[in-house]
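Remarks on the structure that follows.
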Amino acid sequence: MEWKILAQPILDSRMLLILKRAEKIQRYLSKAVITYDSLPREIKYIAGIDIAYSDGRAYGAAVVLEYKTMRIIEEKTYSLNMTIPYIPTFLFLRELPPAIAVARMLKVKPDVFMVEGHGRAHPRRFGLACHFGLVLNTPTIGVAKGLLCGEVRSINDSWKPIIDGEEIIGAAVLTRKNSKPIYVSVGHKVSLETAVKIVLECSRHRIPEPIRYAHLIAEKAKRKT
DNA sequence: GCGACAG
DNA sequence: ATCTTGTCGC
């Protein structure tokens, strides 16, 4: 965690100490992540979370969709001032607060959440999606557009495993024919197999509907301000 | 040592 | 992530 940090004047020695402690916390909390299915067999509602930025402000959006139809049944937004810089592997410092806040505003309790960012496909096996799922103690799936660590094994078809060391930390999923894959990993209380299945069932475009809608809603909230 | 690195 | 028009392709 030294690379881009030196390129950012805002990161003083004090911040470096905070990151050191954060790493330790991430490694510790990663042990509490549940990587098997602990969610309803029949999913009725699924939620998507995304954050957009403008000036020094973050706009979080949460949307709940009816699983069977992918229709929006509820949406909420929440914004706050943002001063924390983006630092790879520490995305939670920026996005967890607005993500948790906006998720708590939902009246409908979804069976599973889809969060923008990695879950276990993280150097310390504790990406934003794990953090989110653990804090809210709810089933969560991590979906990212780019790889943070690990490598995709060019094996079979539908989805390819993301390998880091000896373990499978996620899956590269092709949600649409001629486009780049998206990276799916366990957030909390959902197995990788189920996570991939859910992502595929929610895909009409490259980005699965819950996150795609959350993104649009966050963008809309940003514009109207 | 150098490069890479979710949003 | 964000700043941005037209354009190629399913």
Side-chain angles (χ1 to χ4, degrees), chain A residues 1-8 10-11 16 19 22-23 26 30 33 48-62 77-103 113-133 140-152 162-165 169-188 192 195 199 203-208 210-212 214-223 225:
Chain A
M1 58 161 222
E2 297 274 330
W3 62 103
K4 235 165 188 174
I5 293 177
L6 300 177
Q8 304 202 25
I10 354 174
L11 298 176
L16 290 176
L19 297 184
E23 281 188 346
Q26 287 177 320
S30 71
V33 171
I49 303 286
D50 188 38
I51 315 292
Y53 301 91
S54 183
D55 292 314
R57 194 149 258 271
Y59 299 82
T77 61
Y78 173 89
S79 75
L80 53 75
N81 289 316
M82 181 53 58
T83 57
I84 302 166
Y86 162 67
I87 304 166
T89 77
F90 296 102
L91 181 60
F92 83 94
L93 290 176
R94 254 166 96 83
E95 305 209 337
L96 190 63
I100 294 293
V102 78
F113 278 90
M114 217 179 255
V115 172
E116 172 86 61
H118 292 293
R120 298 203 74 212
H122 177 278
R124 293 174 289 283
R125 305 294 181 263
F126 200 69
L128 177 68
C130 293
H131 214 145
F132 177 94
T140 306
I141 296 169
V143 175
K145 297 186 293 295
L147 223 45
L148 222 200
C149 65
E151 57 180 27
V152 177
I162 300 171
I163 310 291
D164 191 18
I169 60 175
V173 181
L174 277 70
T175 52
R176 194 162 184 159
K177 289 188 176 177
N178 291 340
S179 54
K180 299 185 298 182
I182 56 171
Y183 304 95
V184 178
S185 61
V186 172
H188 191 46
L192 181 58
V199 164
S203 297
R204 305 280 180 278
H205 303 278
R206 183 169 92 107
I207 305 300
I211 288 181
R212 198 174 70 85
H215 193 286
L216 293 174
I217 293 165
E219 288 287 317
K220 187 170 60 182
K222 181 178 67 176
R223 289 189 55 189
T225 311

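Per chain, numbering begins at 1; letters A, B, ... match sequence-line order.
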Exercise for review: Identify whether any heavy atom of A:Ala129 sits under 4.0 Å from a base atom; if not, whether one sits that close to sugar-phosphate; answer base, sugar-phosphate or nothing.
Suggested key: nothing

**Study point:** Heavy-atom check, side chain of A:Ile169 versus side chain of A:Cys149, under 4.5 Å
**Key:** yes

Check your understanding: Starting at CE of A:Met82 and ending at C1' of B:dG7, how long is that distance when rounded to a whole Å?
Key -> 11 Å

Review point. How does DNA chain B look in dot-bracket form if you count Watson-Crick and G-U pairs under 3.5 Å, write [ ] for pairs that cross, and put | where a base pairs with another strand?
Key: .......

Point to revise | Given DNA chain C, 5'-ward residue of the pair A:Asn178 and A:His215, judged by closest heavy atom | key: A:His215

Check your understanding: Among all residues two or more places apart in sequence or in another chain, which pass the side-chain hydrogen bond (donor to acceptor under 3.5 Å, both in side chains) test with A:Ser79?
Key -> A:Arg57

Point to revise | Exam field: side chain A:His118 to backbone A:Gly146, donor-acceptor pair closer than 3.5 Å | key: yes

Exercise for review: Would you sketch DNA chain C in dot-bracket for me? Only Watson-Crick or G-U wobble pairs with both distances under 3.5 Å count, crossing pairs as [ ], other-strand pairs as |, the rest as dots.
Suggested key: ..........

Exercise for review: Among residues two or more places apart or on two chains, list those pairs meeting salt bridge (Lys or Arg N to Asp or Glu O under 4.0 Å) that have a residue in residues 113-127 of chain A.
Suggested key: A:Glu23-A:Arg124, A:Glu116-A:Lys145, A:Arg125-A:Asp164, A:Arg125-A:Glu167

Review point. Touch check for A:Leu147, heavy atoms < 4.0 angstrom, all strands: base, sugar-phosphate only, or nothing?
Key: sugar-phosphate

Check your understanding: Can you tell me how far CZ of A:Phe92 sits from CD1 of A:Ile87, rounded to the nearest 0.5 angstrom?
Key -> 9.5 Å

Point to revise | Flag side-chain contact, heavy atom, 4.5 Å: A:Tyr183 against A:Leu148 | key: no

Check your understanding: Can you tell me how far CD1 of A:Ile211 sits from CG of A:Leu216, rounded to the nearest 0.5 angstrom?
Key -> 12.0 Å

Exercise for review: Calculate the interatomic distance between A:Leu128 atom CG and B:dG7 atom P; express it in whole Å.
Suggested key: 10 Å

Practice item. Using whole Å, report how far CD1 of A:Ile182 lies from P of B:dG7. Key: 11 Å

Exercise for review: Could you tell me whether A:Gly117 contacts a base, only the sugar-phosphate backbone, or nothing, with contacts defined as non-hydrogen atoms closer than 4.0 Å?
Suggested key: base

Exercise for review: Walking along DNA chain C from 5' to 3', note the first and the last nucleotide with an atom under 4.0 Å from a heavy atom of chain A, and give both.
Suggested key: C:dA1 to C:dC10

Point to revise | Heavy-atom check, side chain of A:Glu219 versus side chain of A:Lys222, under 4.5 Å | key: yes

**Study point:** Spatial distance of atom CD1 (A:Ile141) from atom CG (A:Leu192) [nearest 0.5 Å]
**Key:** 9.5 Å

Check your understanding: With a non-hydrogen cut-off below 4.0 angstrom, is A:Lys177 in contact with a base, only sugar-phosphate, or nothing?
Key -> nothing

**Study point:** A:Asp164 CG - B:dA4 C1' separation (whole Å)
**Key:** 13 Å

Study note, to complete from the structure: note: A:Tyr183, atom OH; B:dC5, atom P; distance rounded to Å ~ 11 Å

Practice item. May I ask you to say what A:Glu151 touches in the nucleic acid, namely base, sugar-phosphate or nothing, with a heavy-atom cut-off under 4.0 Å? Key: nothing

Review point. Roughly how many Å is it from CD1 in A:Ile84 to P in B:dG7, rounded to a whole number?
Key: 18 Å

Point to revise | Rounded distance [0.5 Å steps], CD1 in A:Ile51 versus OH in A:Tyr78 | key: 10.5 Å

Practice item. Take the protein atom CD1 of A:Ile207 and the nucleotide atom C1' of B:dG7, then report the distance between them rounded to whole Å. Key: 12 Å

**Study point:** Nearest-angstrom distance from the residue atom CD1 of A:Ile49 to C1' of B:dG7
**Key:** 15 Å

Review point. Would you call A:Phe113 and A:His188 a side-chain contact if the rule is heavy atoms closer than 4.5 Å?
Key: no

Between side-chain atoms of residues 171-181 of chain A and protein atoms elsewhere (two or more places apart, or another chain), which donor-acceptor pairs fall under 3.5 Å?
{"residue": "A:Thr175", "atom": "OG1", "partner": "A:Arg206", "partner atom": "O", "Å": "2.6"}
{"residue": "A:Arg176", "atom": "NH1", "partner": "A:His205", "partner atom": "ND1", "Å": "3.4"}
{"residue": "A:Ser179", "atom": "OG", "partner": "A:Arg176", "partner atom": "O", "Å": "3.3"}

Exercise for review: Using a cut-off of strictly less than 4.0 Å, decide whether A:Lys145 has a side-chain nitrogen or oxygen near OP1 or OP2 of B:dA6.
Suggested key: no

